[in-house]
Every structure is written in structure tokens, then in C-alpha cells.
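FYI, the numbering just counts along the sequence from 1.
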Amino acid sequence: MKLISKARVGFNKAKTAMIVTSLTLYAQSALALEHADDFKSLYDQLLGWAGGTLGKSIALLFLLIGLGTGLARGSIYAAVVAIAAGLSLVIAPTIIDSIFAGA
């Protein structure tokens, strides 16, 4: 029984050493800034969709579905949630840009 527990401890130490070694080897490439703009075109496209007519259409659909659900249930809560979802869709790109502007 002691032999098995010693083997487990040895295995855990070896596994930890492998993880630390691999993280150390790949840290330089993971932190490299030479590929910082690889996803800029994707980000610009998504930002255009969210702030353009697609985002406004989705926000309007949120409102209409929320109003319909609110009328069906006899409650305004569904409309409030839909309005909040639509507003967050329209406002979120500005907030994300503000957060990452300092980074």
C-alpha cells in the first residue's frame, strides 16, 4: 500500500514538472506581440455587424418578441428583459472598446 502511495506522489511530481516545463517553453511564443493583429479583421467585422443594421435589427426583434411575450403573459417583465438585451447588444461594443483601450 505504501508503494502505491509513493508511486502516486512520484507521478504527480513528474506530471507537475512536465506542465511547468511545457509552460516555460511555450511562454515566450504565447506572450509574443508580433501576432497581435491576427484577429483584427474578425473583430472589425463583428463590430460592424453589432453596430450596423444587423445589430439594430436583432435589437428590434428582441423588443418585439419581448413585447409579444409580455402581452401573452400579462406581464411587462419580458419586455424589460428584451429591452435590456437589445440595449446591451447596441452598447456592448463601445464598452468593450473602452475597457481594452488602455490595454
Please set out all donor-acceptor pairs under 3.5 angstrom arising from side-chain atoms of residues 52-64, sequence neighbours excluded.
from	atom 1	to	atom 2	distance (Å)
Ser57	OG	Thr53	O	2.7

By side chain to side chain donor-acceptor pair (under 3.5 Å), Tyr43 pairs with (sequence neighbours left out) Asp97
Using links of under 4.5 Å between side-chain heavy atoms of ILVMFWY residues, direct or through other members, which residues join Ile76 in one cluster?
-> Val80
Taking all atoms of both residues into account, what is the closest heavy-atom pair of Ala50 and Pro93, and its distance?
->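 Reported closest heavy-atom pair: CB-CG, 3.9 Å.
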With sequence neighbours left out, what residues match Ile91 under side-chain contact (heavy atoms from CB on, under 4.5 Å)?
-> Leu87, Ile95
Who passes side-chain contact (heavy atoms from CB on, under 4.5 Å) against Ser88, sequence neighbours left out?
->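 Ser88 satisfies side-chain contact (heavy atoms from CB on, under 4.5 Å) with no residue once adjacent residues are dropped.
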Quick one: salt bridge (Lys or Arg N to Asp or Glu O under 4.0 Å) pairs with a partner in residues 42-51, sequence neighbours left out?
-> Lys40-Asp44
